[in-house]
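Data first, discussion second: the structure below is written as structure tokens.
Within every chain, numbering begins at 1; the chains are lettered A, B, ... in the order of the sequence lines, protein sequences first and strands thereafter. All values derive from a computational prediction rather than experimental measurement.
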Number of protein chains: 2
Amino acid sequence: MPPVTLRDVARHAGVSHQTVSNVLNGHPHVLATTRDRVLAAILALDYHPHQAAKALREARVTTLCCTFCGHDPENIDDPYRNLVQSAFIAEAQGHGYSVTTAFIGEDGDLAPLRQRFLQRQFGGTVLVGTTLTSAQLRTIQGWSLPTVLFDHALPDTVSISADYAAGMAALVQRHVATGRRHLALIIPVADPGSTSVERREAFLQACAQHGVQGRLVDGDWSYASGYRAMQALWAGDHPPDAVLGGNDRMGTGALRAAHDLGLAVPADVGISGFDDFQFAQFTTPALTTVRIPHGDMARHAVRALITVLGGGTPPSRVVPLSLTVRESA
Amino acid sequence: MPPVTLRDVARHAGVSHQTVSNVLNGHPHVLATTRDRVLAAILALDYHPHQAAKALREARVTTLCCTFCGHDPENIDDPYRNLVQSAFIAEAQGHGYSVTTAFIGEDGDLAPLRQRFLQRQFGGTVLVGTTLTSAQLRTIQGWSLPTVLFDHALPDTVSISADYAAGMAALVQRHVATGRRHLALIIPVADPGSTSVERREAFLQACAQHGVQGRLVDGDWSYASGYRAMQALWAGDHPPDAVLGGNDRMGTGALRAAHDLGLAVPADVGISGFDDFQFAQFTTPALTTVRIPHGDMARHAVRALITVLGGGTPPSRVVPLSLTVRESA
DNA sequence: CTGAAAGCGCTAACAG
DNA sequence: CTGTTAGCGCTTTCAG
């Protein structure tokens with residue numbers, strides 16, 4: 001049997017197909033009795049409006065794109081995307097939008113995203129991730145694609161970010177308070193992505209303020225890079241007495257390297273992460289870290305994007321971060 | 001400026017709009033010179049076909065749904081979804097399909113999924129997850145929604161699964177070979193989801209074959225449940241000498257509990273996982289586990305779904321699993 | 001307050 | 001090989 005259309009409903013209810021449309025879209029001037037008859041027919045026939053037809057006629061698209069930027073999609077081996085995306089989808093559905101997901105790589109091929117937008121596969125996007133270059137961003141803005149930035153905070157954009165500087169300051173404070181005097185931060189050192197920059201600068205500044213040594217070691221957010229960074233540090237002449245992973249994965253890699261180096265944590269060296277994913281509670285020792293409320297941020301981002309689509313300009317937002325002290329530092 | 005349509009291209013190229021359509025859809029009978037002119041116009045005007053219009057006319061939808069079943073979406077704190085979904089999206093895009101993501105909870109509210117399907121928001125779905133009930137599945141099949149099962153293997157369905165029985169047998173074999181005689185498997189004990197059943201039964205059978213004791217302890221796939229299960233085991237009278245986590249998270253939770261219990265791993269007790277996510281390499285000690293090729297499975301599932309959409313009946317598939325021996329067992 | 005007409009952008013069917 | 005005609009399912013005019 002062919003799918004039921006609006007005209008079928010109209011016929012069943014004994015009204016014109018227009019009236020059905022009016023009922024569906026909550027137009028004011030419909031007799032209550034007529035409306036009830038139409039509603040009954042809709043239920044009876046199990047009618048569902050055809051999205052594509054509606055979108056075509058209304059020249060508007062009710063799909064939002066959640067775009068993850070800059071990383072090898074298969075290599076984000078932590079729950080970051082899970083958390084961001086599930087909150088994103090739940091929030092979007094609550095507002096009547098559906099969600100599609102896209103990836104843009106570090107190589108920066110934006111063509112597929114552009115094409116999908118121009119084909120009207122989605123109406124706007126949240127750009128998620130720490131490694132979107134400003135050149136890429138400018139390109140995207142040139143398409144007049146409604147955009148909200150997630151985990152970036154750049155001028156002249158709508159963005160949802162976290163107070164990485166404050167989080168990092170709290171962490172440095174904690175290490176200093178537990179007697180550390182020589183800290184090392186594992187972080188992508190050449191990465192211009194704004195959260196890296198923010199963490200690096202806040203780290204160096206906090207170290208300076210406390211009058212302790214602070215140095216940067218390269219990492220690429222992976223467990224393995226945290227492990228390697230730790231080894232490199234101890235292969236050098238003046239190993240630090242505290243190592244800060246730029247995220248929980250690198251912190252965990254460093255933890256494991258400390259074990260292999262015969263170092264006791266936190267006795268010999270303090271180690272911390274950044275994210276507070278569940279696994280940070282189950283490492284040995286459990287990871288001291290900074291909690292990032294990814295889900296809340298994602299929900300904010302969706303609401304902001306919907307506002308942008310409606311022609312508004314929502315305020316950018318910076319959520320506060322809190323330190324979670326466990327065993328490792 | 002209004003978006004450029006097919007008629008604009010036609011005008012620019014000096015042909016009828018139909019000819020443009022023919023060129024776009026690769027219809028055979030178009031003069032090469034005409035085609036080139038049309039192609040040039042498309043490029044010049046930066047034309048992109050309107051998806052919704054195309055879908056409406058062709059009565060076919062080029063969106064696939066990736067449905068995750070049965071878990072609290074925000075609580076899958078491992079990279080399972082990352083891995084499945086990124087491979088899924090990459091494969092789908094390679095075939096010209098876009099992807100939308102849905103969740104269905106354990107409470108079993110299928111209405112939103114059904115509504116989205118009836119509104120033609122997607123053409124078919126892969127059902128991902130271990131806790132879809134067969135009642136839910138039958139309901140979904142009743143909608144004549146083209147469906148492929150992922151991580152299930154039920155009769156009369158197209159499914160992509162893994163050889164969990166063989167993987168579990170290899171793991172038990174390994175524990176027995178390292179001298180263990182009393183094994184415990186942490187797994188949702190009452191879960192009727194087929195991969196749980198498969199793992200449980202294969203475990204019990206392998207233990208029987210080797211003539212060793214095998215028992216089941218309840219867990220819910222989370223780190224915390226692995227931790228609790230381990231504690232419960234050692235609170236009892238006859239603790240085992242090997243503990244098998246039903247997944248890597250529960251294995252990791254058990255590892256941490258062993259540490260807190262003052263147990264040396266693997267000297268006092270062997271511990272293993274199941275998945276082989278990256279973090280299994282960085283626990284202390286590193287987790288012996290069974291590698292599941294989630295990405296490959298996801299790619300198979302997409303191809304199978306596209307075949308189903310085309311009216312075919314692809315064969316179900318069971319991928320082989322391999323043991324990864326590390327330090328913990 | 002309800003019905004008839006028009007058309008969103010596209011493609012299938014036919015005629016030229 | 002190319003152009004014309006029709007209509008997918010819906011909503012926005014505008015008369016009745």
Please give, in whole Å, the distance from D:dG9 P to A:Gln51 CD?
15 Å

Counting N and O atoms only, with roles assigned by atom type, does the side chain of B:Arg120 sit under 3.5 Å from a partner on the main chain of B:Leu118, one being a donor and the other an acceptor?
yes

For A:Leu56, report the nucleic acid contact type (base, sugar-phosphate, nothing); a contact means any heavy atom under 4.0 Å.
base

Given atom CG of B:Leu24 and atom P of C:dG9, what is their separation to the nearest angstrom?
15 Å

For B:Thr147 and B:Val158: C-alpha separation, side-chain torsions, deciding distance, then whether side-chain contact (heavy atoms from CB on, under 4.5 Å) applies.
CA-CA 7 Å; B:Thr147 294; B:Val158 176; over 6 Å; no

In this structure, how many angstroms lie between the P atom of D:dC10 and the NE2 atom of B:His50, rounded?
16 Å

Going from CD1 on B:Ile140 to CG on B:Leu127, what distance comes out if it is rounded to the nearest 0.5 angstrom?
4.5 Å

Taking atom C1' of D:dC1 as reference, at what distance in whole Å does atom CZ of B:Arg35 sit?
13 Å

Reckon A:Lys54 has a side-chain N or O less than 4.0 Å from the OP1 or OP2 of D:dG9?
no

side-chain N/O B:Asn25 vs C:dT11 OP1/OP2, d < 4.0 Å
yes

Between B:His294 and the options B:Tyr80, B:Phe88, B:Phe150, the ring pair (Phe, Tyr, Trp, His ring centres under 6.0 Å) test singles out B:Tyr80

Atom-to-atom span, CG of A:Asn22 to C1' of C:dG3 - whole angstrom
10 Å

Separation of C:dC1 P from A:Asp36 CG (nearest whole Å)
15 Å

Position toward the 5' end of DNA chain D (nearest nucleotide), A:Pro49 or B:Val30
B:Val30

Is the distance from OP1 or OP2 of D:dT12 to the nearest side-chain N or O of A:Ser21 less than 4.0 Å?
no

Say whether A:Ser98 and A:Thr63, considering side chains only, have a donor N or O and an acceptor N or O under 3.5 Å apart.
yes

To the nearest angstrom, the CZ-P distance between A:Arg57 and D:dC8 comes to 15 Å

Tell me, which of residues 11-20 of chain B have any heavy atom that sits under 4.0 Å from an atom in DNA chain D?
B:Val15, B:Ser16, B:His17, B:Gln18, B:Thr19

Mind calculating the distance between CD (B:Glu58) and P (C:dG9) to the nearest angstrom?
17 Å

Among A:Asn22, A:Leu6, A:Val9, whose side-chain contact (heavy atoms from CB on, under 4.5 Å) with A:His17 holds?
A:Leu6

Are B:Gln85 and B:Thr101 close enough that a side-chain donor and a side-chain acceptor fall under 3.5 Å?
yes

Would you mind telling me which of D:dG7, D:dT11, D:dC1 lies closest to the side-chain atoms of A:Leu6?
D:dT11

